[in-house]
Protein chains: 2
Amino acid sequence: MADLNTISSQPQPAGHSPPPREPIWDLIELLFFAYRDFVSDADDALATLGFGRAHHRVLHFVNRNPGVKVADLLEILRITKQSLGRVLKPLVDEGYVVQREGSTDRRQRLLYITQAGAALAMMLARLQTDRISGALAQLGPDAHATARTFLVAMLDADGRADVLRIVERARSGGVSRP
Amino acid sequence: MADLNTISSQPQPAGHSPPPREPIWDLIELLFFAYRDFVSDADDALATLGFGRAHHRVLHFVNRNPGVKVADLLEILRITKQSLGRVLKPLVDEGYVVQREGSTDRRQRLLYITQAGAALAMMLARLQTDRISGALAQLGPDAHATARTFLVAMLDADGRADVLRIVERARSGGVSRP
DNA sequence: GTATTTAGGTCAGCCATATTGACATATTTT
DNA sequence: AAAATATGTCAATATGGCTGACCTAAATAC
């Protein structure tokens, strides 16, 4: 597998700002195909429950950020209140997410995952993790760090700090369970 | 950056089928955010022309596979004839793609990029390539090969050969120009 | 203590991109 | 001549976005 790789990026004449090189066609296409396959695992599992990709995203970030405010979720997902409402409602109605009044600010409807929601989110994360760890296994010893470095560098420079805060925050596990 | 990485995949007790490890939350989330930012470059550029992501995909694969058959494009993109028709028509009408009768099989409408189409496809590929090469620069010496290995390993095992054929085929540059 | 702002919800309508099923036409194959 | 193939198209539907408008309840400002 590793032998059909060094294709594009002909050696650049050193010391120049690189002249209009050839586009990196293979990675452009592979990003498309790989991402499509990556999300298809969860898509298929969710379809059997009548949910879609949008529900998955909400479920995921509520699971990773218990007690998240609606406004924060809108910012993370970069969607509108209306779009969130349409996918959040079924998740609440079917018992995957609950909303609780904020204790200091009672206008807020903080979002928490239920046990059923956590189980579903974990099942979907399993599918994605299996694929990712299979791919990491094809890389060297620092596979996880390398993949992370690459993906972080692919982010918009602007929003990079925000995204890293989200990815980090999710580790500490925001607020308590309801 | 490299020091907050080794989170998941605790050393497995050897000889077991791995017990339910923790999901790789950071890479799951980074794939979402990175892909969103990755496609946003082209999305924004296309929006000014009244095109969307679907048009981009058609434009890209016609550009990379001149003379491609409609049926092949449907297979590559995994969409239906109807969906293709809706995005292909504007591309033809506005002079980015042309259709020519197949020379051996006159039922076929082989798809070719025009000069304007090639220029647009190249401009979009530039945007994506700039982002990718910026990210590769954060990696070690075998950055391109490493990224490719990772992405190929992320593909469905089933379709992997097909995808690799597509990615390879695009290099040789299918048929002639119209 | 009223006025304004904020957090969230909701209604109505629109757009882009996908789907299915049915059918039509031209051409090739059997 | 009949059947299969390549492509196109009509109609209807689903999903997941969007905007604009408007509502309630609660917090904050004056």
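Residue numbering restarts at 1 for every chain, and letters A, B, ... go by the order of the sequence lines. Computation of the quantities below employed the complete heavy-atom set of this structure, encompassing side-chain atoms and omitting hydrogens, waters and symmetry-equivalent molecules.
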(request) Can you tell me the distance, in whole Å, between the CG atom of A/L84 and the P atom of C/dG8? (result) 10 Å

(message) As a test of reading the structure: which of D/dA6, D/dG8, C/dT27 is closest to the side chain of B/Q99, going by heavy atoms?
(response) D/dG8

(message) For B/E75, I'd like to know if atom CD has over 12 heavy atoms of other residues, nucleotides or ligands within 6.0 Å.
(response) no

(message) Taking salt bridge (charged side-chain N to carboxylate O under 4.0 Å, His left out) as the definition, give me every residue that meets it alongside B/D142, ordered by chain and number, with sequence neighbours left out.
(response) none

(request) Enumerate the residue pairs fulfilling ring-ring contact (aromatic ring centres under 6.0 Å, His included) with a member in residues 114-141 of chain A, sequence neighbours excluded, ordered by first and then second residue. (result) none

(message) Tell me which pairs pass ring-ring contact (aromatic ring centres under 6.0 Å, His included) where either residue lies in residues 78-105 of chain B, with sequence neighbours left out.
(response) B/F51-B/Y96

(message) Restricting to salt bridge (charged side-chain N to carboxylate O under 4.0 Å, His left out), what partner residues turn up for B/R57, sequence neighbours left out?
(response) none

(request) Name all residues meeting the side-chain contact (heavy atoms from CB on, under 4.5 Å) criterion together with B/D43; count only those two or more places apart in sequence or in a different chain, and write none if there are none. (result) B/V39, B/R53

(message) From C-beta outward on A/K89, which listed nucleotide comes closest to its side chain: D/dT7, C/dT27, C/dT10?
(response) C/dT10

(message) Can you measure B/L74 atom CG to D/dT9 atom C1' for me and round it to whole angstrom units?
(response) 14 Å

(request) Not counting sequence neighbours, which residues clear side-chain contact (heavy atoms from CB on, under 4.5 Å) with B/R36? List them please. (result) A/R78, B/F32, B/F33

(request) Specify the residue among A/E101 and B/R109 whose closest nucleotide of DNA chain D lies further upstream toward the 5′ end. (result) B/R109

(request) Encode nucleotides 16-22 of chain C as B, S and - characters from 5' to 3', where the letter depends on protein heavy atoms closer than 4.0 Å: B to the base, S only to sugar-phosphate, - to neither. (result) -BBBBBB

(message) Rounding to an integer number of Å, can you tell me how far A/L111 CG sits from C/dG8 C1'?
(response) 11 Å

(message) Using the salt bridge (charged side-chain N to carboxylate O under 4.0 Å, His left out) criterion, which residues pair with A/R86? Sequence neighbours excluded.
(response) none

(request) Whole angstrom is fine here: how far is it from CD in A/E75 over to P in C/dA7? (result) 11 Å

(request) Select one nucleotide: of C/dG9, C/dT27, D/dA27, the one nearest the side-chain heavy atoms of A/V70. (result) C/dG9

(message) I need the B/I76 CD1 to B/H60 NE2 distance, nearest 0.5 Å.
(response) 9.0 Å

(message) Tell me which residues in residues 31-40 of chain A lie within less than 4.0 Å of DNA chain C, going by non-hydrogen atoms.
(response) none

(request) For C/dT27, take OP1 and OP2 only and decide whether either is under 4.0 Å from a side-chain N or O of B/R106. (result) yes

(message) Could you work out, with side-chain contact (heavy atoms from CB on, under 4.5 Å) as the rule, every residue matching A/Q128, not counting sequence neighbours?
(response) A/F38, A/A42, A/H56, B/I28

(message) How many whole angstroms separate atom CD of A/Q108 from atom P of D/dA27?
(response) 9 Å

Heteroatom pairs (N/O) under 3.5 angstrom, protein to nucleotides 3-6 of chain C:
{"residue": "C/dT6", "atom": "O2", "partner": "A/R107", "partner atom": "NH1", "Å": "2.5"}

(message) If I take atom CG in residue A/L110 and atom P in nucleotide D/dA26, what distance separates them, rounded to the nearest angstrom?
(response) 14 Å

(request) Can you tell me the distance, in whole Å, between the CG atom of A/L91 and the P atom of D/dG16? (result) 11 Å

(message) I need the CG-C1' distance between A/L88 and C/dG9, as an integer number of Å.
(response) 11 Å

(request) Would you please name every residue forming a salt bridge (charged side-chain N to carboxylate O under 4.0 Å, His left out) with A/R109, sequence neighbours left out? (result) none

(request) Step through the shown structure and confirm whether more than 12 heavy atoms of other residues, nucleotides or ligands are within 6.0 Å of CD on B/E101. (result) yes

